[in-house]
Each structure stands twice: as structure tokens, then as C-alpha cells.
Amino acid sequence: MLIRPEEPRDYQSIHQLTIRAFAPMSFSDGTEAPLIDLLRESGDLTISLVAEVRGKLAGHVAFSPVAIDGKHDGWFGLGPISVEPERQRQGIGRALVKAGLKLLEEDGARGCVLTGNPAIYSRFGFKSDGQLTYGQIDPREVQWIVFNGDPPIGILDFAPAFGAQHS
Ligand SMILES: CC(C)(COP(=O)(O)OP(=O)(O)OC[C@H]1O[C@@H](n2cnc3c(N)ncnc32)[C@H](O)[C@@H]1OP(=O)(O)O)[C@@H](O)C(=O)NCCC(=O)NCCS
């Protein structure tokens with residue numbers, strides 16, 4: 001498996017892969033693929049990594065800046081993340097997350113946040129203490145990893161592209 005930054009030739013494949021990965025998910029509203037395009041267009045796709053298996057796109061992860069209590073202070077959000085359905089549970093998601101977190105930490109980020117199933121993301125090292133909140137989402141699903149400093153406390157806001165998806 002090869003993990004590498006996205007290139008323009010990947011844009012369409014990332015879009016299609018994201019649609020395929022999220023289609024079976026009951027929580028999905030189908031906005032994940034266009035969200036990645038919007039993040040890219042708005043300059044908020046801070047890190048976009050693809051996983052290739054035998055030269056074929058098998059996974060993708062996006063990271064973008066977030067605000068906590070209205071302040072952009074070195075925190076980034078993970079997501080969307082997608083692995084080709086027939087290649088899930090083979091370690092591709094873990095490799096993508098690990099590579100992205102390493103890049104963020106090397107770039108001096110304070111940490112990374114996400115919303116999602118704690119059963120999955122606790123396996124990647126994400127935690128929750130209920131002090132970071134995001135709308136009506138169960139605070140246990142609002143999770144973080146700290147690289148440097150204190151855990152995040154306050155109201156989380158993702159990049160504007162996330163809101164644009166729901167307006
Ligand atoms: C979520 C997703 C990216 C995980 O990628 P993956 O390649 O299947 O995950 P990995 O094989 O690297 O597994 C990483 C860890 O998460 C756990 N995990 C993965 N999928 C899980 C699931 N559905 N339920 C519980 N645990 C899960 C694995 O057991 C593993 O932990 P372990 O190594 O300690 O056993 C992938 O399943 C996916 O694309 N799902 C559809 C889209 C989606 O839901 N994205 C996330 C939205 S929040």
C-alpha cells in the first residue's frame with residue numbers, strides 16, 4: 001500500500017470512492033463527496049491523502065482547519081475518510097489516519113478533532129471528555145487527539161464548506 005498526497009488526476013476518483021464508501025451508511029446524507037470538492041475549491045483542504053493498492057485508489061482522507069469558540073488556533077478536523085467497501089477492515093483507514101496525523105503534528109498543529117463513531121475512532125487514539133461540543137451531536141462523538149498543549153474545550157466549528165453542504 002502506498003499513501004501519498006492527492007494529485008489533480010485523483011480528484012474524480014476521490015469523489016467516486018467517497019460516494020461508494022458512504023452510500024451504505026445510514027447516517028450519510030450524501031454530501032461527503034461534494035464537500036471534499038468544496039473544501040478544495042475554498043482552499044481549506046489542508047491535507048488530502050490517498051491510499052493506493054496496486055496502483056488503484058483504495059482510500060482517502062481529508063483534513064481541514066476548525067475553529068474552537070470561534071478561534072482558529074492550530075486545530076484541524078479529520079474527514080471525510082473513505083475506504084473502498086471491499087477493502088475495509090484491512091488497515092487502510094488506520095494507515096491514512098496515522099499518516100495524516102503525522103503530517104499535522106510535523107506542521108505544528110495543536111491537535112485534530114472529528115465527529116464519528118467512538119467505537120472506531122477510539123481505536124485510532126481519539127478521545128472525548130464531553131467538553132468539546134458540536135451542535136446537537138452527542139458529545140461522546142466529538143473526539144480529539146492532542147499533539148501539543150491542553151485538550152480542546154468549547155464549541156467546535158468546521159470549515160465553511162461543511163455548513164454550505166447543509167444550507
Ligand atoms: C471508517 C473507515 C474509513 C475505516 O477504514 P478501514 O480501512 O475499514 O479501517 P481499518 O481496517 O484501518 O481499521 C482501523 C480500526 O478501526 C476499527 N474499525 C474499522 N471499522 C469499524 C467498524 N465499522 N466498527 C468498529 N470498528 C471498526 C478496526 O477494528 C480497527 O481497529 P483495530 O486495528 O484496533 O482492530 C471505513 O470503514 C469506511 O470507509 N467506512 C465508510 C465511510 C465512513 O463511515 N467514514 C467515516 C465516517 S465518520
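Computed from a predicted structure; not experimentally measured. In this chain, numbering begins with 1 at the start of the sequence shown.
- Among residues two or more places apart in sequence or in another chain, the side-chain contact (heavy atoms from CB on, under 4.5 Å) test is passed with S122 by none.
- When side chains are defined from C-beta on, L101 counts as touching F126, because their heavy atoms get closer than 4.5 Å.
- Going from atom CG of L78 over to atom CG of L96 covers 9.0 Å, rounded to the nearest 0.5 Å.
- Placement of I3 and L104 within a single hydrophobic cluster is found when ILVMFWY residues are connected by side-chain heavy-atom separations under 4.5 Å, directly or transitively.
- In this structure T133 satisfies the side chain to side chain donor-acceptor pair (under 3.5 Å) test with no other residue, sequence neighbours excluded.
- Listed here is the closest heavy atom pair of F124 and R94: CE2-CA, 3.1 Å.
- Put simply, the side chain of F76 does not reach to within 4.5 Å of the side chain of S64, judged on heavy atoms.
- P65 is not listed as a side-chain neighbour of W75, based on a closest heavy-atom distance of 4.5 Å or more.
- In plain terms, the two heavy atoms of A62 and L45 that are nearest each other are CB-CD1, 3.6 Å.
- For residues 99-110, the salt bridge (Lys or Arg N to Asp or Glu O under 4.0 Å) pairs, not counting sequence neighbours, are D73-R110, K102-E106.
- Under the salt bridge (charged side-chain N to carboxylate O under 4.0 Å, His left out) criterion, D69 pairs with no residue at all, not counting sequence neighbours.
- Hydrophobic clustering (side-chain heavy atoms under 4.5 Å, transitive across Ile, Leu, Val, Met, Phe, Trp, Tyr) keeps V61 apart from V113.
- Every pair passing salt bridge (Lys or Arg N to Asp or Glu O under 4.0 Å) that includes a residue from residues 80-92 is listed here, sequence neighbours excluded: R20-E84.
- One hydrophobic cluster, built from ILVMFWY side chains closer than 4.5 Å, holds both M1 and I47.
- Evaluation of the side chain to side chain donor-acceptor pair (under 3.5 Å) rule for D138 yields R140 as partners, not counting sequence neighbours.
- H72 pairs by the side chain to side chain donor-acceptor pair (under 3.5 Å) definition with nothing, not counting sequence neighbours.
- The two residues S82 and A21 have their closest heavy-atom pair at CB-CB, 3.5 Å.
- With sequence neighbours left out, the side chain to side chain donor-acceptor pair (under 3.5 Å) criterion links E7 to R9.
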Using atom types as modelled, flag every donor-acceptor pair under 3.5 Å from a side chain in residues 141-162 to any protein atom, sequence neighbours excluded.
residue	atom	partner	partner atom	Å
Q143	NE2	G116	O	2.7
Q143	NE2	E141	O	3.0

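- Judged purely by atom type and a 3.5 angstrom limit, S42 uses its side chain to pair as donor or acceptor with the backbone of L39.
- Criterion: ILVMFWY side-chain heavy atoms under 4.5 Å apart, direct or through other members. Under it, L35 and I137 are part of a common hydrophobic cluster.
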What side-chain donor-acceptor pairs closer than 3.5 Å can you find for residues 48-59, not counting sequence neighbours?
residue	atom	partner	partner atom	Å
S48	OG	E6	OE1	2.6
S48	OG	H60	NE2	2.7
E52	OE2	R4	NE	3.0
E52	OE2	R4	NH2	2.7

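- To the nearest 0.5 Å, atom CG of residue D44 and atom CD1 of residue I36 are 13.5 Å apart.
- Take E41 and apply the side-chain contact (heavy atoms from CB on, under 4.5 Å) test, not counting sequence neighbours, and it matches D37, L38.
- Connection of L17 to F63 is not established within any shared hydrophobic cluster, with ILVMFWY side chains joined at heavy-atom distances below 4.5 Å, either directly or through further cluster members.
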Just do the side chain to side chain contact (heavy atoms under 4.5 Å, CB included) check on Y121 and I81 with the steps written out, would you? CA-CA 12 Å; Y121 294 105; I81 177 167; 3.4 Å; yes
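- Pairs of residues two or more places apart, or lying in two chains, never qualify as salt bridge (Lys or Arg N to Asp or Glu O under 4.0 Å) while including a residue from residues 114-133.
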